[in-house]
Asker: 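Handing you a structure now.
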Protein chains: 2
Amino acid sequence: MFIIRSMKLSDGIEWGIHVTTLLAVLPPEGALPAARLAEFHGVPAAYLAKHLQALSRAGILASIHGPRGGYRLAKPATEITVLDVVEAIDGTEPAFRCNEIRRRGPTAQPAAAYPLPCGIHRVMVSADLVWRASLRSVTVADLVTTVANDGDPAGLVAGAKWIRDALA
Amino acid sequence: MFIIRSMKLSDGIEWGIHVTTLLAVLPPEGALPAARLAEFHGVPAAYLAKHLQALSRAGILASIHGPRGGYRLAKPATEITVLDVVEAIDGTEPAFRCNEIRRRGPTAQPAAAYPLPCGIHRVMVSADLVWRASLRSVTVADLVTTVANDGDPAGLVAGAKWIRDALA
DNA sequence: TAGATCCGGATGTTTATTATCCGGAGTATG
DNA sequence: CATACTCCGGATAATAAACATCCGGATCTA
Ligand code: SF4
Ligand code: SF4
């Protein structure tokens, strides 16, 4: 059989969070081009670029044209929540889209009979809200702290070195 | 541009919740065949049948073969949560699937350097948990109550009549 | 001016979802 | 027991979404 597909978050979400976290540890005035960010994370450059543009449009990243340009955070990491990144890339539409199936079939009523979101709808919306609230409670600055705390020391050193080289 | 696609829950979820809610108001020993349920909701019968089978395997619905057979609830509506229905149809896998991109690229470390889910991962898992907890806090019996309370009276009467006819 | 970079539209590829069909097996009813 | 009705699940097809690439143009720095 195998229906089971599970609601899935776009891969771009993971990339976006990683990139934003990485840019959060850049020295002020530093910036990394899309190609470098893709190289660091081992993801397709042309496709990552799309997501970076989305983050840029959302006001999370600032883009700098020209030589030594690239992306940097558009505001302090303490003011960027994980939800901001998720919504910039994945949109703000709730996971549950009501197709109004109650209005179909033999017992359908005129549209006026259906005032507002029904009970089923409200349950799903409510779950969506707590999900978003949970993501909103964590900032990119928090992520940096966590990674610094329980990341592998050798990996952190290698990462720091790579960043220095990339900026040079 | 228009990347924005948004994490989306399968349409089958909506069907599954509606069907389960409908079956919750059936008289004991009553059952409705898949074709009738599809007719009532105005959805493709062959496809709905797939989802009904999933609900059946999950122990939410009981299936009765032969004439006057069909589906009914396998247990009291008070013991079926919305999350049960969602997970039966959509699976239990979290929306965020980590692709371990930290292990890729030029600063990758040996596998042993990556102990458990990192901070980013934990944030996403945590959000997933509150989402599921929210859905688990509502039972199908609650949905029935809500629909009975704020549903359109004429629609409820039409629905009740349709059910009587379908069972006859 | 030259080189680097972002921007966004157009396009192609791959994968997931949606949808249908059919043979097989189980069951109540007469 | 014969029959009509129903679920079951595998195979397959159609459609939509996600993933990925490319390129011309604009913008900026040095
Ligand atoms: S009853 Fe609720 S979930 Fe169902 S179609 Fe109407 S608004 Fe949507
Ligand atoms: S750092 Fe976290 S989110 Fe990123 S690849 Fe590793 S476990 Fe996944």
Side-chain angles (χ1 to χ4, degrees), chain A residues 1-16 19 23 29-39 42-58 61-72 74 89-91 93 95 97 99 101 166-167, chain B residues 1-16 19 23 29-39 41-58 60-72 74 89-91 93 95 97 99 101 166-167:
Chain A
M1 270 283 304
F2 256 51
I3 279 218
I4 302 218
R5 63 298 223 176
S6 290
M7 169 177 61
K8 185 177 177 300
L9 224 34
S10 158
D11 286 347
I13 296 289
E14 183 178 2
W15 306 354
V19 164
L23 292 180
E29 306 300 306
L32 288 177
R36 293 295 190 133
L37 292 169
E39 177 195 352
V43 300
Y47 193 32
L48 174 64
K50 288 283 177 229
H51 296 302
L52 293 172
Q53 287 174 32
L55 290 167
S56 174
R57 275 195 304 275
L61 300 187
S63 64
I64 295 135
H65 286 205
R68 303 186 68 77
Y71 291 95
R72 71 164 64 114
I89 293 177
D90 215 56
E93 225 176 317
R97 325 284 166 76
N99 290 110
I101 74 173
L167 288 173
Chain B
M1 271 284 302
F2 257 48
I3 280 219
I4 304 217
R5 63 295 226 178
S6 290
M7 170 177 61
K8 186 175 177 299
L9 224 35
S10 157
D11 285 348
I13 296 289
E14 183 178 2
W15 306 355
V19 164
L23 292 180
E29 307 299 307
L32 288 177
R36 292 296 190 136
L37 293 169
E39 176 195 352
H41 292 107
V43 300
Y47 193 32
L48 174 64
K50 289 283 178 227
H51 295 302
L52 292 173
Q53 286 173 33
L55 290 167
S56 175
R57 275 195 304 273
I60 294 169
L61 300 186
S63 64
I64 294 135
H65 286 207
R68 303 186 68 78
Y71 291 95
R72 70 163 64 114
I89 293 177
D90 215 57
E93 225 177 317
R97 325 282 166 78
N99 291 110
I101 74 173
L167 288 174

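In what follows, chains carry the letters A, B, and so on, assigned in the order in which the sequence lines appear, proteins first and then strands, with residues in each chain numbered from 1. FYI, side chains are in, hydrogens and waters are out, and symmetry mates aren't considered; it's all heavy atoms of this structure.
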Asker: Give a yes/no answer on whether the side chain of A/Tyr47 brings an N or O atom under 4.0 Å of OP1 or OP2 in D/dC19.
Answerer: yes

Asker: Is there a side-chain contact between A/Leu23 and A/Leu37 in this structure, where contact means two heavy atoms from C-beta onward sitting under 4.5 Å apart?
Answerer: yes

Asker: Counting side-chain heavy atoms from CB outward, which of D/dT21, D/dC19, D/dC5 is closest to A/Ser10?
Answerer: D/dC19

Asker: Quick check for you: among D/dC8, C/dG8, D/dA20, whose closest atom lies nearest to any side-chain atom of B/Tyr71?
Answerer: D/dC8

Asker: Is the shortest side-chain N/O distance from B/Ser56 to OP1 or OP2 of D/dC7 below 4.0 Å?
Answerer: no

Asker: Select base, sugar-phosphate, or nothing to describe what A/Ala34 touches, counting heavy atoms under 4.0 Å on all strands.
Answerer: sugar-phosphate

Asker: Between D/dG10, D/dT21, C/dG8, which nucleotide has the shortest distance from any of its atoms to the side chain of B/Lys50?
Answerer: D/dG10

Asker: Let me know the distance between CG of A/Asn99 and P of C/dT17, rounded to the nearest Å.
Answerer: 16 Å

Asker: Return no unless some side-chain N or O of A/Arg57 is found under 4.0 Å from OP1 or OP2 of C/dG8.
Answerer: yes

Asker: Return the 5'-most residue of the pair A/His65, B/Ser63 with respect to DNA chain D, ranking by each residue's nearest nucleotide.
Answerer: B/Ser63

Asker: Please state how far atom CG in B/Leu32 lies from atom P in D/dC7, giving the value in whole angstrom units.
Answerer: 10 Å

Asker: Could you check how far CG of B/Leu9 sits from C1' of C/dA16, rounded to whole Å?
Answerer: 15 Å

Asker: Keeping A/Arg68 on the side-chain end and A/Ala31 on the backbone end, is there a donor-acceptor pair under 3.5 Å?
Answerer: no

Asker: Give the rounded distance in Å between these two atoms: CG of A/Asp11 and P of D/dC19.
Answerer: 5 Å

Asker: Can you measure A/Lys8 atom NZ to D/dA17 atom P for me and round it to whole angstrom units?
Answerer: 16 Å

Asker: Strictly distance-based, threshold 3.5 Å: is any side-chain N or O of B/Arg72 a donor or acceptor partner for the main-chain N or O of B/Gly30?
Answerer: yes

Asker: Which whole-number value in Å describes the distance from A/Arg68 CZ to C/dC6 P?
Answerer: 14 Å

Asker: Kindly compute the distance separating CG (B/Leu52) from CD1 (B/Ile89), expressed to the nearest 0.5 Å.
Answerer: 8.0 Å

Asker: Any side-chain heavy atom of B/Leu48 within less than 4.5 Å of one from B/Val19?
Answerer: yes

Asker: Toward the 5' end of DNA chain C, which comes first, A/Pro33 or B/Trp15, by nearest nucleotide?
Answerer: A/Pro33

Asker: Take the protein atom NE2 of B/His51 and the nucleotide atom C1' of D/dG9, then report the distance between them rounded to whole Å.
Answerer: 15 Å

Asker: For B/Ile64 and D/dC8, give me the distance from atom CD1 to atom C1', rounded to whole Å.
Answerer: 15 Å

